[in-house]
Amino acid sequence: MFAALANPWIASQRPYQPGRPLEEVARELGLADIDGIVKLASNENNLGPSPKAMEAMKKAIPSMHLYPDGGSFYLRQAIAKTFGIGDDMVMLGCGSNEHIVLLAHAFMEAGDDLVCSEKTFVVYKLVSALYRCRCIEAPMQGMTTDLEAMLAAITPKTKLVVVANPNNPTGTMVDQAAVDRFVEQVPDHVVTVFDEAYMELLDPETAVDTVKHAKAGKKPVITLRTFSKAYGLAGLRVGYAMAQPDAIDLLNKVRQPFNVTAMAQAAALAALDDEDYLIRSRKMLRDGRAQLMDGLRRLGLDPVESVTNFILFPFEKAGELTAALTKRKVIVRPMAGFGLPRHIRVSVGLESENAQFLEALKKALAELPA
Ligand SMILES: Cc1ncc(COP(=O)(O)O)c(C=O)c1O
């Protein structure tokens with residue numbers, strides 16, 4: 001009844017397919033609880049939240065009858081200090097996902113173009129459709145973003161060019177020199193967005209700095225970061241944008257007044273201060289990624305070399321293999337929704353979780369008909 005009444009471009013929209021929650025799989029397997037099920041499907045940080053963040057959340061409980069600080073004052077200040085920018089250059093959101101929607105809301109209208117890479121975070125495409133815009137997907141160099149191709153894809157109608165760096169789902173990245181050259185060359189009618197959801201997981205020497213472009217203010221550049229990955233707070237939904245104050249003013253106009261909960265603000269503030277947790281997270285990632293790469297190769301698979309906390313590998317019957325792993329209590333992500341129907345993405349987990357995945361994979365591969 002409602003589909004006929006809805007905006008046609010909404011009615012035809014395919015909803016985002018997230019990684020399957022542990023509880024859903026427990027129900028499917030007829031289990032009373034989630035014990036023994038491993039989720040390696042959403043690039044989360046399986047260390048769990050930082051102890052400092054958990055403490056801060058406990059302290060925040062008695063104030064939960066109050067609305068949050070709509071401007072996230074203390075968190076904004078702490079982020080600004082971390083990056084050496086003014087607090088008027090930071091805006092918090094309900095995950096960096098919200099920023100992607102807000103950017104479209106602020107900068108795009110029907111008929112405009114958004115340029116991104118092929119084989120990238122599917123939300124750019126979904127949001128383009130939401131705003132009746134065309135999403136132009138530039139070809140990649142193998143599994144790596146091709147910034148030259150992205151430049152070539154820009155049209156007079158392009159309003160946003162979005163670079164996921166490191167890229168999801170391929171796990172590859174483009175380096176500082178390439179990014180700097182790209183920023184210089186993007187025409188001035190286009191806002192350049194760097195979606196850096198995984199950047200803090202990299203060792204600082206290899207991380208790319210795009211905030212320097214926002215600081216310089218010569219080009220319209222916006223950097224997105226999140227507390228969902230390195231900081232282990234995906235369930236709280238906190239992300240942030242960094243840009244020149246006039247861009248932040250625009251984003252503030254299109255967001256909801258209380259888009260970041262008080263609990264999320266308290267936890268993120270504490271997590272930002274937990275350097276020890278960040279170092280442990282990076283170590284878990286380095287060790288776990290090596291464990292998974294080695295294990296996948298030993299099983300005859302050909303994983304894509306990744307700089308971050310997930311690994312993409314090709315497999316002809318990706319859907320069947322995902323189902324076979326689910327039966328063995330391991331949740332991974334089939335990549336059909338990302339335009340890669342013959343690939344699976346597995347997140348790096350704790351050592352024991354990676355081992356459980358590799359063991360389940362070995363058995364599933366042996367049982368799958370060729
Ligand atoms: C490239 C990229 N950008 C943004 C996000 C969204 O993160 P958040 O949890 O901050 O909304 C993700 C999540 O997987 C991602 O992979």
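Order of listing sets the numbers, starting from 1, for every ligand and every atom in it.
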Enquirer: State whether the shortest distance between N or O atoms of Ser42 and N or O atoms of ligand 1 falls below 3.5 angstrom.
Expert: no
Enquirer: Assess Arg237 for proximity to ligand 1: is some non-hydrogen atom of it under 4.0 Å away?
Expert: yes
Enquirer: Looking only at protein heavy atoms, which one is nearest to atom 9 (O) of ligand 1, and what is the separation?
Expert: Ser228 OG, 2.6 Å
Enquirer: Taking the inter-plane angle between the rings of Phe194 and Phe182 on a 0 to 90° scale, is it parallel (under 30°), tilted (30 to 60°) or perpendicular (over 60°)?
Expert: perpendicular
Enquirer: Please indicate whether any nitrogen or oxygen in Tyr124 is less than 3.5 Å from any nitrogen or oxygen in ligand 1.
Expert: no
Enquirer: Out of curiosity, is Tyr198 lining ligand 1, as in a heavy atom under 4.0 Å away?
Expert: yes
Enquirer: If you measure from the Lys or Arg side-chain nitrogens to the Asp or Glu carboxylate oxygens, is any gap between Glu44 and Lys229 under 4.0 Å?
Expert: no
Enquirer: Heavy-atom contact under 4.0 Å between Gly239 and ligand 1?
Expert: no
Enquirer: Look at ligand 1 and say whether Asn43 reaches it with a heavy atom at a distance under 4.0 Å.
Expert: no
Enquirer: Return yes if a side-chain donor-acceptor contact under 3.5 Å exists between Thr145 and Asn167, otherwise no.
Expert: no
Enquirer: Between the side chains of Asp195 and His99, does any donor sit under 3.5 Å from an acceptor?
Expert: no
Enquirer: Do me a favour and list the nearest non-hydrogen protein atom to atom 14 (O) of ligand 1 with residue, atom name and distance?
Expert: Lys229 NZ, 2.9 Å
Enquirer: Which residue and non-hydrogen atom of the protein lie closest to atom 1 (C) of ligand 1, and at what distance in Å?
Expert: Asp195 OD2, 3.6 Å
Enquirer: Got a salt bridge between Lys212 and Asp180, using NZ or NE/NH1/NH2 to carboxylate O under 4.0 Å?
Expert: yes
Enquirer: Could Lys39 and Glu24 be called an ion pair, given the rule that one side-chain N must be under 4.0 Å from one carboxylate O?
Expert: no
Enquirer: Please list the nearest protein heavy atom to atom 7 (O) of ligand 1 with its residue and the distance rounded to 0.1 Å.
Expert: Ser96 OG, 3.3 Å
Enquirer: Using ring centroids (six-membered ring only for Trp), state whether Tyr198 and Phe310 fall under 6.0 Å.
Expert: yes
